[in-house]
Amino acid sequence: MPLIDLRSDTVTKPTPAMRRAMFEAEVGDDVYQEDPTVNRLEARAAEVLGKEAALFVPSGCMGNTIGIKLLTRHGEEVIAEARGHLLNYELSMAAWFSGCLVRPVAAPDGILTWDLIAPQVRPRGPHWAATGCIELENTHNMAGGTVYPQDVFDDVCDRAHAHGLPVHLDGARLFNAAAALGRPVSELCAKADTVMVCLSKGLGAPVGSMLAGPAALMDDARLYRKRLGGGMRQAGILAAAGLIALEQMPARMAEDHANARFLAEGLGALPGVRVLNPEPATNIVVFEAPEPARLSADLKARGVLINPISETALRAVTHYDVTREDCAQALAAVQEVVTPCRSH
Ligand SMILES: *Cc1c(COP(=O)(O)O)cnc(C)c1O
């Protein structure tokens, strides 16, 4: 049975253009910085993100881990949004690798403002750990792919910098945010000190993320990557797909966003279903329905994969491997399982 996979945009498979580029990729040993394709990807990512340098890392988790390490000292705190990926889905790497405590700040829609952050900023003192950096997530995954209004993002960065605090941006889906705002990614992350973007989500590459920032920091980042086991050799095979992801895939993201809106609208019309972000800004729909775990299992039996994210809610993510027709089929399946015929 063909599956309609709405669990995440990580499930996207490499496009035919990516597979061709991978097959033909010129490679070398990247630990010696001699892989021409990785070097091209890193130069191009730095350009696209508007930073001095960029580093190809195997995962978003590693990119965030290194970003936090670069901006903090052991024993400091990192302020992050309470539902953020850094705090909840990265195996406490901020603690494990950087020795930092994540200080969560809850924000409606996952969008942190300086007013929310300010009361949690701690100076050096005899009893508490000083704040080392601020971490922002754009788009915010668990809040439903919400996008930072650019003035809010820039204001947080300016005020953080005025307090001597650097900012790391978890931009796993920054290209989705850019598509939603109709602005280049470089503008979105201009004021962040370091930024991580995933190539392996909506951009469709099989593996990899980019960490970008000042060249001196990226030199250190390369060493942390090696320590974490991310020193890859002929990684040009992967970077070749990453280059296609950067060049060809952002232009089609609006389609995913339109599909998410279509899903949200359809789900919202079903009895017993409540969409938490009825007008998704990007490619994520979060909705409440009775018994999410059972619902997810019943959907799977109908060839539709949607994961529960809590005791009450599920998350559907659109991407280039699901068409409008797939979304319509998924809606029909949800309708069947939320309103089951109890008589048999
Ligand atoms: C997916 C994701 C990451 C990184 O995930 P990896 O699976 O390690 O690549 C980081 N932040 C957010 C918000 C994400 O959604």
Side-chain angles (χ1 to χ4, degrees), residues 5-14 45 49 54-69 78 80-94 96-98 102 104 107 109-112 133-148 153 167-178 180 185 188-189 192 194-212 221 224-225 228-230 232 235 238-239 241-242 245-246 249 253 256 260 277 280-286 307 309 315-319:
D5 197 341
L6 295 164
R7 288 173 301 172
S8 175
D9 44 12
T10 56
V11 302
T12 46
K13 305 214 172 65
L49 294 167
L55 186 72
F56 184 45
V57 290
S59 71
C61 182
M62 191 186 289
N64 282 339
T65 296
I66 297 172
I68 297 302
K69 179 68 188 166
V78 176
E81 206 282 324
R83 283 174 289 170
H85 199 274
L86 182 82
L87 175 60
N88 299 293
Y89 304 102
E90 298 190 6
L91 296 116
S92 298
M93 279 305 278
W96 197 83
F97 191 64
S98 301
V102 178
D109 302 332
I111 303 299
L112 285 173
C133 79
I134 310 292
E135 192 258 6
L136 305 175
E137 187 175 313
N138 196 16
T139 67
H140 194 295
N141 183 347
M142 285 298 145
T146 47
V147 177
Y148 268 85
F153 186 88
V167 177
H168 174 72
L169 169 58
D170 175 349
R173 297 187 180 82
L174 194 62
F175 285 87
N176 294 89
V185 277
L188 273 62
C189 64
T194 52
V195 55
M196 182 282 289
V197 296
C198 289
L199 303 173
S200 60
K201 292 190 169 162
L203 296 184
V207 175
S209 294
M210 304 305 304
L211 177 68
Y224 290 128
R225 181 183 69 176
L228 286 164
M232 299 181 287
L238 300 173
L246 275 185
M249 303 302 274
M253 285 191 143
D256 300 340
N277 60 331
T282 56
N283 67 329
I284 299 176
V285 184
V286 180
N307 275 344
I309 56 166
R315 184 188 73 154
V317 185
T318 57
H319 49 80

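Since the model is a prediction, treat every value here as computed from it, not as a measurement. Order of listing sets the numbers, starting from 1, for every ligand and every atom in it.
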field: Note, Val286 side chain near Met142 side chain (heavy atom, < 4.5 Å)
entry: no
Nitrogen or oxygen of Cys61 less than 3.5 angstrom from that of ligand 1: yes
field: Selected option - heavy-atom contact closest to atom 11 (N) of ligand 1, from Val57, Asp170, Thr139, Asn64
entry: Asp170
message: Counting only nitrogen or oxygen atoms and a 3.5 angstrom limit, does Cys198 reach ligand 1?
response: no
field: Residues Ile68, Met93; criterion side-chain contact (heavy atoms from CB on, under 4.5 Å); working and verdict
entry: CA-CA 9 Å; Ile68 297 302; Met93 279 305 278; over 6 Å; no
- request: Could you tell me whether the side chain of Asn283 and the main chain of Asp256 form a donor-acceptor pair under 3.5 Å?
  value: no
statement: Of His85, Met196, Met93, Lys201, the residue with the heavy atom nearest atom 2 (C) of ligand 1 is Lys201
query: Side chain of Asn277, backbone of Ile284: donor and acceptor closer than 3.5 Å?
result: yes
- prompt: Looking only at heavy atoms, which two atoms of Ala82 and Asn88 are closest? And how far apart?
  reply: O-ND2, 3.0 Å
message: Please confirm whether Arg173 approaches ligand 1 to less than 4.0 Å, judged on its heavy atoms.
response: yes
Per-atom contacts of ligand 1 with Glu137, taking only distances under 4.0 Å to non-hydrogen atoms: 13 (C)
- request: Ignoring hydrogens, tell whether any protein atom lies closer than 4.0 Å to atom 7 (O) of ligand 1; use the non-hydrogen atoms only.
  value: no
message: For atom 4 (C) of ligand 1, what's the nearest protein heavy-atom neighbour? Residue, atom name and distance, please.
response: Gly60 CA, 3.4 Å
task: Return the minimal non-hydrogen interatomic distance between Leu203 and Cys198, and the atom names on each side.
output: CD1-O, 3.8 Å
message: With a 3.5 Å distance limit and no angle check, can you tell me whether His140 reaches the backbone of Leu112 through a side-chain donor-acceptor pair?
response: no
- prompt: Can you tell me if His140 has a non-hydrogen atom under 4.0 Å from ligand 1?
  reply: no
message: Give the atom numbers and elements of ligand 1 that come within less than 4.0 Å of a heavy atom of Ser59.
response: 8 (O), 9 (O)
